[in-house]
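Small disclaimer: the values here were computed from a predicted structure and weren't measured.
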Amino acid sequence: MSIRDNASVMAAALNNKEISAVELTNQHYEQIAAVDKDVHAFLYLDKEGALAQAKEVDKKRAAGEKLSPLAGVPIALKDVMTQKGVPTTCGSKILEGWKPPYDSTVVSKLKDAGVIILGKTNMDEFAMGSSTENSAYGPTHNPWDLTRIPGGSGGGSSASLAAFEAPLAIGTDTGGSIRQPAAVTGTVGVKPTYGGVSRYGLVAFSSSLDQAGPCARTVLDTALLHQVIAGFDPKDSTSINQAVPDLVAAAKKLDIKGMKIGVVKQLAGDGYQKGVENKFNEAVAELVKLGAEIVEVSCPNFEYALAAYYLIAPSECSSNLAKFDSMRFGLRVGDDGTKGAEEVMNLTRQAGFGREVKRRIILGTYALSSGYYDAYYGSAQKVRTLIKQDFDAAFTKCDVLVSPTAPTTAFKIGEKSNDPLAMYLNDIATIPVNMAGIGGMSLPCGLAEEDNLPVGFQIMSPAMKDDRMYLVGGALEAALISKWGKPILDFAPKLAGSK
Amino acid sequence: MSLNYDQAIEKYEPTLGLEVHVELNTKSKMFCGCATEFGAQPNTQTCPVCLGLPGALPVVNKKAIESSILIGLALNCSIAPFSRFARKNYFYPDMPKNFQTSQYDEPICINGFLDVEVETDEGMKTFRIEIERVHMEEDTGKSLHVGGSTGRIHGAEYSLLDYNRAGIPLVEIVTKIVPGTGKYAPLVARGYVAALRDILRGLKVSDVKMEQGSLRCDVNLSLSKTGSGKLGTRSETKNVNSLRSVERAVTGEVIRQANRLESGERIVQETRHFLEESGETRPGRSKEQAEDYRYFPEPDLVPVVPDAKWIEELRKSLPEKPSDRRARLQTAWGVPDKEMAAMINAELLDTVEETVLLGADPTKARSWWLGEISRIANDRAVLPTELISVKDVAQVIALIASGELTDKLARQVVEGVIAGEGNPADVISKRGLKVVSDDSQLMKAIEDAIAAQPETAERVRGGNVPAAGALIGAVMKATGGQADAAKVRELLLKHLGQ
Amino acid sequence: MAAISRDEVANLARLARITMTHPLAVNNVTREDLVLPSLTPTEALSGAPASDEGRFKVPQILGEE
């Protein structure tokens with residue numbers, strides 16, 4: 001057993017008592033110690049808490065207690081999820097040092113399942129970004145090429161998987177923040193159906209779009225984790241009170257004969273890197289070989305998705321981030337006894353928020369202003385309905401939809417940091433999924449010939465039919481690995497000091 | 001020279017608008033499970049949700065929705081088939097999220113009315129107050145300002161915040177504009193709030209304690225030149241926290257605005273604060289006017305879509321309307337309008353009804369509660385029901401009816417109960433207050449009196465009936481006042497052949 | 001000017017009302033009116049930049065008398 005193994009293999013080894021949870025946890029901390037100075041996936045390591053958790057799992061296993069399938073397997077947690085007593089920064093200075101007094105529902109579920117939480121991973125500040133360069137604590141580096149971005153906002157979570165610092169990770173996806181990092185790091189990430197995983201304890205960026213989800217190195221591992229964190233939560237009014245489909249069974253089925261797979265006409269062409277399109281097309285060809293039927297579908301309103309997204313998400317964020325005012329928690333700046341609360345609030349926000357966060361707050365405040373509401377926020381909500389109608393129509397013709405996850409492979413750190421519009425275009429293929437609240441998965445489909453960097457393949461499934469992504473994703477992954485002869489991460493250059 | 005109220009109202013026609021905030025009496029808060037007890041230690045009834053901590057999410061209290069629908073039904077409103085919460089965004093440290101979760105363009109209840117009876121020069125008159133909307137929202141925390149001039153924000157060095165109240169469910173009831181009240185505007189405003197309070201109390205959805213802030217009223221008022229038909233600029237007076245204050249605030253604003261207009265000044269649209277001591281208003285926070293609340297639908301909550309079955313179940317549980325109940329009681333008791341109004345104004349209708357339900361005669365019950373007991377209560381500045389229980393009063397009335405007590409003795413019994421000497425039976429036995437109704441015992445006292453005053457007795461025998469007073473007095477004295485004077489008189493005169 | 005038909009008005013009204021709430025059109029999600037444990041005052045105040053007498057201590061609140 002090695003840290004390069006998949007989570008399901010680790011789980012089996014733990015179950016067979018070939019390794020203890022404490023040993024496995026320590027091995028991951030050793031890897032983190034060796035490589036994270038270069039990768040910078042983590043913002044905080046909770047070694048003490050993780051080892052206490054691991055000991056508890058080992059004790060229970062020794063006592064013959066029935067344990068959850070992932071008990072003892074370590075995980076990396078995006079720093080946007082609250083964990084009681086553990087610093088949660090959201091990649092922002094404004095929350096530096098804040099220790100939440102409560103666990104998010106996802107964390108409660110992980111703890112209940114005995115999944116060992118190693119620490120908190122780096123992210124774009126408040127999940128706003130596609131490169132993790134907007135973290136107030138410095139960027140994360142892509143393990144495939146340390147000069148490149150690991151995607152964002154959940155670059156830390158995906159990089160930790162690609163660097164073998166953790167076999168599982170939690171991400172959150174508002175416009176692609178799970179799937180795009182998965183795509184550019186050669187890992188798997190799933191944005192569940194909106195309401196499929198509780199948002200309680202997920203520090204909100206855009207409430208109607210945010211969704212927590214699982215990240216791993218394989219489709220099966222992702223399914224195992226998804227099954228642990230999914231389900232109705234009475235603390236989240238938008239959580240869906242329905243049984244979660246059997247995702248693990250779907251991931252293991254490997255049979256997609258007769259399935260109808262739709263290729264979205266609008267998610268290709270201009271702006272998509274040649275190598276990305278090639279790898280995507282080769283993967284579609286694999287699906288045909290597996291017996292699937294390919295249909296081309298048109299989603300004309302996707303054209304407006306990006307514009308509508310950049311009205312809705314900033315509008316909601318301008319309101320969600322209003323609570324960061326230095327009164328009850330977090331940073332306080334300029335309180336010298338002479339200034340009023342409002343002035344201190346302003347100084348704190350000026351010092352505590354980064355450029356991109358401020359940009360979006362200003363944008364959203366404007367879009368919600370009286371006189372502009374109907375033209376901006378109101379119209380964007382209508383576009384959203386039209387996008388959902390496009391999906392509904394497409395899903396009458398096929399079981400799942402597919403597209404490249406991101407238009408390009410990982411770009412260089414700094415390359416787009418002064419061009420917000422170019423940065424926003426990274427999410428052009430992932431945003432429609434959030435707008436409609438459906439499920440989306442990204443899994444690796446090869447290395448682009450131009451730069452030898454991983455390309456992501458996106459599978460989209462109707463709301464609450466998340467099992468379909470796992471079914472198609474599992475079959476495609478198996479076909480591709482057998483074609484390549486080894487998992488994609490084995491093509492990545494070895495990090496200095498890595499095992 | 002400045003106008004007084006009568007002069008002001010002759011020249012100007014007031015238009016009212018009333019916004020009432022009601023704290024619901026749910027056990028838990030609007031969006032979380034924290035308790036709502038009044039007066040708990042600071043920040044002991046808070047959690048990530050009502051503190052607005054990052055990541056926390058709201059879930060609506062079902063009882064709060066039902067209470068809101070009940071209020072809407074009682075106010076003759078339509079219940080919206082689709083209703084949503086909205087965020088009202090503004091910064092204020094007592095509001096944890098810096099937005100209030102409220103309702104905006106999709107409130108739960110719309111278009112109702114409430115009839116208010118007001119005593120006018122032409123007798124009782126009904127004013128129909130139209131209700132624009134009833135919507136749900138949450139309360140804010142409480143701030144304590146330390147340093148500077150004590151208790152006032154200006155000049156405070158810092159503020160201390162307690163979020164126990166933050167997130168307590170509020171229902172806001174907004175009237176449409178109320179024109180045509182003329183000089184009765186203050187009475188109509190007061191009558192509306194009183195009627196509303198009775199309805200809410202009857203629904204058992206709120207404690208409706210104005211002094212604790214569980215019912216708060218904002219008064220909007222504008223003046224237009226009589227006959228002009230043009231609406232004037234309105235002021236909004238906050239902090240009006242008793243029925244009397246509602247009346248005074250309207251009166252005060254009519255006078256203030258009329259005098260401004262008379263001197264050629266303009267009325268500024270602003271928020272004003274009511275000053276309990278002087279009955280005047282002063283300008284409040286000025287920044288509130290320019291505020292753009294950037295309302296948008298609350299994405300963390302889902303729509304409220306009450307189906308017909310739910311609404312009908314709630315409708316069935318509505319209690320009798322206060323106005324119907326009054327009409328019923330008035331007929332049953334045969335009470336004239338004026339006395340009915342007196343009972344309502346004294347807030348003793350419930351108490352009198354309870355006393356009657358224990359068997360007391362309605363007239364007697366009314367006269368005891370509004371007379372003797374209210375008089376003592378007034379002297380001591382307490383509520384009549386804090387002095388003596390309904391049960392004890394009903395018992396005293398029963399003892400009078402059976403002839404065991406005279407009115408005079410009964411007053412002593414009530415006095416004893418109020419003084420804490422126990423229930424009526426205890427007081428009667430301790431003070432020895434039984435009516436002397438035994439004829440032989442009385443006859444003995446009468447004979448003693450005749451023997452002591454033979455000349456007086458002779459005069460009475462001779463037909464000088466008024467002279468009997470001295471003998472009756474002597475008998476009463478001898479029996480310690482416990483005899484029925486009328487009875488004594490009857491026996492005495494008979495004995496002396498008259 | 002051509003008259004606008006009743007149907008056209010209805011269609012415009014429908015388009016004007018297009019809004020999205022939850023992708024699965026979930027409504028009426030509520031909780032029963034039950035009291036759940038609150039945070040301890042220490043926990044409640046644990047993240048406060050400043051506190052005093054069990055309360056959150058904040059700079060003076062201006063703009064109101």
Any chance you could measure [X], atom [atom1], to [Y], atom [atom2], to the nearest 0.5 Å?
X     : Y      : atom1 : atom2 : result
C:N27 : B:S83  : CG    : OG    : 10.5 Å
B:K62 : C:L34  : NZ    : CG    : 11.5 Å
C:L45 : B:Y163 : CG    : OH    : 10.0 Å

Residue pair C:S38 / B:C34: nearest heavy atoms and the distance that separates them: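 That would be OG-SG, 3.2 Å.
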Non-hydrogen atoms of C:D52 and B:L160 that approach each other most closely: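 Smallest heavy-atom distance, with atoms named: CB-CD2, 3.7 Å.
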Chain B contact via C:E53 - which portion, at a heavy-atom distance below 4.5 Å: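 For C:E53, backbone and side chain are both near chain B.
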If you count heavy-atom pairs under 4.5 Å between each of [options] and chain B, which one has the most?
options                    : value
C:L39, C:D33, C:V35, C:T30 : C:D33
C:E32, C:K57, C:R31        : C:R31
C:T40, C:L36, C:V58        : C:V58

Under 4.5 Å heavy-atom distance to chain C, tell me which part of [X] shows up: side chain, backbone, both or neither.
X      : answer
B:C32  : backbone
B:P297 : neither
B:P48  : both
B:L301 : neither
B:F31  : backbone

Stepwise side-chain contact (heavy atoms from CB on, under 4.5 Å) test for B:V304 and C:N28: CA-CA 5 Å; B:V304 180; C:N28 297 335; 3.9 Å; yes
Test item: B:N43 side-chain N/O and C:P41 main-chain N/O as donor-acceptor pair under 3.5 Å: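 Checked: no pair found.
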Residues in residues 21-29 of chain B near chain C [non-hydrogen atoms, under 4.5 Å]: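 Answer by number: B:T26, B:K27, B:S28, B:K29.
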Enclosure of B:E37 CD (heavy-atom neighbours >12, cutoff 6.0 Å):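 Open: at most 12 neighbouring heavy atoms sit under 6.0 Å from CD of B:E37.
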Residue, of B:V49, B:L51, B:D162, that accumulates the most heavy atom pairs under 4.5 Å with chain C: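 Of B:V49, B:L51, B:D162, B:L51 has the most heavy-atom pairs under 4.5 Å with chain C.
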